[in-house]
Amino acid sequence: MKQCEMLVIGGGPAGLSAAIEAAEAGVKVVIVDANEKAGGQLFKQIHKFFGSSMHRAGIRGMNIGQELLERCEKLGVDIWLNSLVIGMYKDNVVAIDVKKNLTEHKLEKIQAKKIVIATGASENAVRFPGWTLPGVMGAGAAQTMANFHRVLPGKKVLMIGSGNVGLIVSYQLMQAGAEIVGIVEAQPKINGYAVHASKLTREGIPIYTGYTIVEASGDERVNKAVIAKVNPDWSTEPGTEITLDVDTITIGAGLKPLIGMSYMGNCHLMNDRFLGGWAPCHNYSMETTTKDVYVAGDASGVEEANTAIEEGKVCGIAIAQALGYLEEDKAEQMKKEAWGRLAGLREGAHGAERTAAKERQLLEYKKVMEG
Amino acid sequence: MNKTYDVVIVGAGVIGTSCAYHLVKKGFQVALVEKKDLARETSSHCDAVALIPDKMPGIDAAMGYASIQRFKELEKELNYDFEFHQNGSLHLCETDQEMEIATKYANDLIAEGYAIDILNPEELLEKEPFLATDLKGGLFSHECCGVNPYKLCFAFVDAVQGKGLDVYTHTTVTDIRRDADNNVVGVETDNGILKTNKVVNCCGVWAPEIGKMVGIDIPIKPRKGVILISGAGFPICKQKIHEFGYMVSKFDDIQCERDPEVEKYNVAFTIEPSAGNNVLIGSSRNFDGYDVDAEIDIIRVIAKRAVRFFPILKNINCIRSYAGVRPFIEEHLPLITHVKEIPGYYIAAGHEGDGISMAPLTGRLISEMIAGEEPCMDVTPFSFSRYK
Amino acid sequence: MKLSETGILTKADLVEMGRYPSEERMKKGPVAVAECVQDIPCNPCETACPFKAIHIGENISNLPKIDVNKCNGCTTCVSACSGLAIFVLDKSYSDSYGKVTFPYEYNHSFKVDDIVKAANRGGKHVCEGKILKITNTQKADRTTVITLEVPIEYVDEVRSIYRDKQHQSSKEEIMSEKLADDVLVCRCEEITAGEIREAIRQGATDITGVKLRTRAGMGLCQGRTCEALVNQIIRQELGNSPADIGFSTPRTPQRPVTFGTLGGDLDE
């Protein structure tokens with residue numbers, strides 16, 4: 001069985017940052033990524049990020065991705081691509097399905113001193129009659145098609161959900177040449193940032209707050225969507241139906257952490273809706289209740305790429321420290337700084353709920369370990 | 001919940017639900033207490049068939065046959081569909097030595113009157129065209145049947161819940177109350193007390209815990225089995241299939257040479273079609289405490305054996321795996337018994353891999369014992385007094 | 001209608017919050033306005049301003065404060081804002097025309113001197129505008145900055161270029177019962193909402209209970225897709241908490257893998 005010092009599952013912003021931070025201190029790192037290119041969702045995030053200069057604010061996600069990959073390369077981080085971790089077992093062993101070429105796969109087992117779970121999140125579905133028709137897809141899937149594979153998923157798009165994902169993806173589909181027929185939001189208010197919404201409204205895109213999708217229809221693929229006003233009891237108000245001609249419906253109904261590895265790693269999970277549902281609790285080093293198993297990014301609770309980067313850094317620092325590559329004082333100082341930057345990113349009304357949820361995770365960790 | 005019942009059953013797996021069903025049928029007021037939910041442990045982490053050729057000729061095979069007959073009746077008695085199907089079973093022989101042992105063994109069963117065919121390699125392929133072509137032959141048993149194990153639990157409960165049966169799920173038994181003469185007088189739970197003077201311990205691998213509450217040592221050990229599931233596709237097999245090596249892993253007195261990894265996890269290939277048009281592939285038997293991780297090394301060995309018998313599986317996806325723990329007893333005989341030292345305390349546990357097929361019979365025997373009737377078969381071998 | 005419902009700010013909102021430059025200031029020459037009214041943790045505008053006219057401070061979710069005396073309307077901040085929410089307004093241009101500078105990130109073939117339809121914050125075509133300037137700098141990383149000449153009374157309104165499109169909305173009477181029983185919930189195993197409700201009536205109270213009774217979640221995706229939907233239905237029917245409803249148990253392999261790969265030889 002192969003051995004390594006630090007194994008990172010998932011090469012998105014969290015995983016790459018963890019690897020960089022640890023490799024800089026001298027740790028030998030292997031990143032395992034299921035895709036043909038690492039970077040996670042960064043390469044489809046063609047918008048400029050929020051934050052401050054210390055979080056690379058104003059830089060487009062794809063450029064951050066490129067930068068992280070270059071640093072990994074320089075540091076000699078071993079990145080296994082087309083490599084799918086199928087499970088995690090006792091004694092820090094993971095099994096990987098490695099795609100060798102178009103037809104050949106090979107199973108690999110690898111044992112690591114430290115494991116970072118940075119598997120990210122998956123999209124939530126919304127069900128309505130017709131949601132299984134071709135042309136109905138996750139907003140993230142549409143974003144991957146348009147920005148990564150450069151294929152426009154459709155020309156007339158209805159977006160379900162006005163969170164930042166729904167708003168940003170709508171904007172980007174417009175940039176790619178699609179028409180956004182509208183954005184439907186069942187809540188009475190827009191969920192994402194007003195500046196993202198304003199970018200759309202000044203292009204004339206209607207945002208239907210307090211509306212829900214009633215039905216999608218079409219023969220071979222979706223060609224019609226019916227939306228209607230929702231009442232407080234979630235029934236729809238008769239007579240408010242609007243029929244829209246669409247060829248694509250994208251669902252931006254939020255994300256949930258991927259917990260497969262955490263569950264299999266026996267990490268204590270807790271449910272918190274402000275973090276997208278079930279996620280493992282962890283300590284200030286991002287270590288889960290399972291010793292040697294760390295978590296970072298959306299896998300530890302859904303947030304954003306810049307928080308994922310900082311959480312990844314905390315993991316990398318903590319692991320370098322635990323493996324003896326970083327002196328305690330220095331490591332503690334570096335972790336403190338990263339947590340400071342995280343606190344900055346979680347400021348404001350939009351961040352308050354996440355801050356509180358993250359505190360609950362830390363508290364739960366303490367409770368479980370003490371008890 | 002402080003109520004009084006004729007009988008309180010602890011554990012809502014297939015044995016507990018069968019006991020509940022059969023007791024209510026005899027007119028008892030029954031409570032079924034379960035720490036989690038119906039069929040949450042072993043009964044939903046296994047495969048399920050009632051077979052004849054995996055039993056030794058004699059009493060074992062007779063019980064297997066009786067179980068099959070009982071399932072046929074239950075299919076008519078119970079409204080809830082538990083996916084009963086009777087399409088026979090195949091046992092495969094990899095070597096001439098295995099075929100020789102199998103032939104002798106089959107002839108013993110045939111002599112006892114069971115419908116078993118001895119197949120040559122061509123006949124084997126006719127029955128299952130996707131089998132490897134280098135097998136030496138096999139046995140086909142006409143009578144064998146299968147059920148969906150957890151649906152069988154739901155079916156038992158569905159038939160009698162509210163008609164004499166109260167189900168307390170998410171309720172943990174904390175103690176068994178006894179009077180000064182050691183008679184059972186009640187069951188304490190984290191949710192209150194159930195008064196009764198008869199309690200049946202149907203907790204399978206956890207039966208020893210409920211045994212400790214009355215100071216008895218029930219020698220059941222958890223033995224893990226891992227099962228893999230294929231993606232849904234076309235039916236690659238038509239019936240339950242075992243490698244004859246299964247017999248080897250089940251009874252230690254038949255000796256064959258085996259691969260060290262196969263030996264380590266006691267892997268014997270089995271495959272069966274499921275209602276979802278995928279196949280369940282098994283299985284292993286190893287001792288690893290209560291751990292239910294489907295470890296990668298066990299999965300690897302099972303997958304390797306599966307591809308050996310069904311080469312077509314090489315390019316078919318495995319989509320899931322799971323492990324369950326079976327209640328193992330050294331003597332390969334379950335406990336279906338009253339415990340004399342503690343009047344009113346019964347045990348129905350320790351069936352290892354035969355729990356599903358023996359559940360109907362077990363439920364019936366317990367109900368007969370509690371009703372004070374003559375049991376339908378000799379229960380001496382299942383008695384707790386065998387440990388004295 | 002409020003911003004949070006429509007996504008559309010108004011000048012009145014900004015004036016009320018004291019975040020809009022005075023008439024007097026705009027008459028003096030170009031000045032930036034940050035139409036940023038939520039506490040987003042973000043401060044590139046502060047860093048970008050060469051005149052230190054924008055202040056956010058330690059707490060990066062403070063709203064940007066623009067010192068209109070230091071600001072000379074240089075437009076550097078327009079492309080620096082990740083939220084595309086900063087504009088430069090100028091009412092000193094002439095008596096009847098003013099200038100609006102805004103960010104633009106769509107493909108276009110506009111040239112200086114083109115006459116375009118100018119759009120307000122709601123995307124409505126409100127007037128014509130003449131393109132005075134199109135800037136693309138390396139630092140702006142593909143955020144184009146466009147300056148438009150518009151009638152002076154529209155300086156407070158115009159924020160983009162109108163997009164031509166035809167989409168019709170029509171009202172139509174349809175019968176829709178929310179979450180009809182025949183709606184598919186588990187795509188892998190083709191299990192409907194009705195079958196899930198039936199399982200709940202039979203006694204399922206959590207994800208696993210539904211799974212055992214219906215097969216929902218037993219397919220390729222191991223329930224990652226339908227889990228949240230089953231969760232919703234259970235909550236609607238029984239009112240259980242998400243913690244009690246649980247999740248679909250993750251198993252090896254996390255994504256489908258062939259038996260051939262699983263059973264293949266390992267390098268030791």
Side-chain angles (χ1 to χ4, degrees), chain A residues 48-53 57-58 60 84-87 97 105-107 109 122 124-125 127 129 132 174-175 179 181 188-190 193-205 207 209 214-215 226 234-236 241-244 256 259-260 263-264 271 277-278 344-345 347-349 351, chain C residues 3-9 35-44 47 59-61 80 82-85 105-106 119 121-124 141 159-160 163 165 167 169-172 174 176 178 180 183-185 187 224-225 228-229 242-243 247 250 252-255 257-258 261-262 264 266 268:
Chain A
K48 292 176 180 171
F49 281 13
F50 289 138
S52 72
S53 52
R60 296 185 192 277
L84 178 77
V85 175
I86 60 166
D97 172 18
H105 287 242
K106 185 162 174 34
L107 190 75
K109 262 172 62 183
S122 67
N124 289 331
R127 43 141 174 56
T132 49
M174 267 173 41
Q175 288 180 302
E179 179 195 331
V181 173
K189 65 180 187 60
I190 295 167
Y193 287 132
V195 291
H196 288 321
S198 298
K199 285 192 310 205
L200 297 162
T201 54
R202 64 181 179 252
E203 305 303 324
I205 309 305
I207 300 182
T209 47
V214 176
E215 185 184 39
V226 179
W234 294 99
S235 63
T236 54
E241 293 86 356
I242 301 173
T243 303
L244 301 164
K256 59 173 186 293
I259 55 165
Y263 176 84
M264 292 172 90
N271 189 291
W278 293 95
L345 291 169
E347 268 167 10
Chain C
L3 166 70
S4 65
E5 289 164 33
T6 61
I8 306 170
L9 263 172
E35 301 198 348
C36 168
V37 296
Q38 290 171 327
D39 37 12
I40 299 171
C42 185
N43 71 358
T47 325
N59 182 343
I60 63 166
S61 55
S82 300
L84 270 55
E105 287 188 337
Y106 300 98
R121 293 184 188 85
K124 288 216 172 62
D141 189 14
R159 291 297 178 265
S160 189
R163 289 169 78 80
K165 59 190 174 313
H167 70 255
S169 301
S170 60
K171 281 196 177 184
E172 194 181 291
I174 65 140
S176 74
K178 204 160 178 285
V183 178
L184 273 187
V185 172
R187 302 175 75 134
R224 272 186 295 274
T225 307
L229 308 180
F247 49 83
T252 300
Q254 280 287 289
R255 299 285 188 280
V257 178
T258 64
T261 304
L262 275 180
L266 281 179
E268 286 303 327

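Just so it is clear: chains get the letters A, B, ... in the order the sequence lines come, proteins before strands, and each one is counted from 1. Values in this document were obtained by computation on a predicted structure and should not be read as measured data.
- At distances below 3.5 Å, not a single donor-acceptor pair connects side-chain atoms of A/Ser52 with backbone N or O atoms of C/Asn43.
- The contact between C/Glu105 and chain A is made by backbone and side chain atoms together, counting heavy-atom distances below 4.5 Å.
- Ranked by heavy-atom pairs under 4.5 Å with chain C, the list A/Leu345, A/Thr201, A/Asn271 is led by A/Thr201.
- Here the closest non-hydrogen pair linking C/Leu266 and A/Lys109 is CD1-CD, 3.6 Å.
- In this structure, chain C has a heavy atom under 4.5 Å from the side chain of A/Tyr263, while its backbone stays farther away.
- Ion pairing between a basic and an acidic side chain is recognised when a charged N comes within 4.0 Å of a carboxylate O; A/Arg60 and C/Asp141 show such pairing.
- Across A/Asn124, A/Ile207, A/Ile259, the residue that shares the most heavy-atom pairs under 4.5 angstrom with chain C is A/Ile259.
- Put simply, of A/Met174, A/His105, A/Lys256, the one with the most heavy-atom pairs under 4.5 Å next to chain C is A/Met174.
- The shortest heavy-atom contact between A/Asp97 and C/Val257 is OD2-CG2, 3.6 Å.
- Chosen from A/Gly277, A/Pro188, A/Gly351, A/Gly87, the residue pairing most often with chain C at heavy-atom distances under 4.5 Å is A/Pro188.
- Proximity to chain A involves both the backbone and the side chain of C/Arg159, based on heavy atoms less than 4.5 angstrom apart.
- If you measure heavy-atom distances from A/Leu200 to chain C, you find no contacts under 4.5 Å at all.
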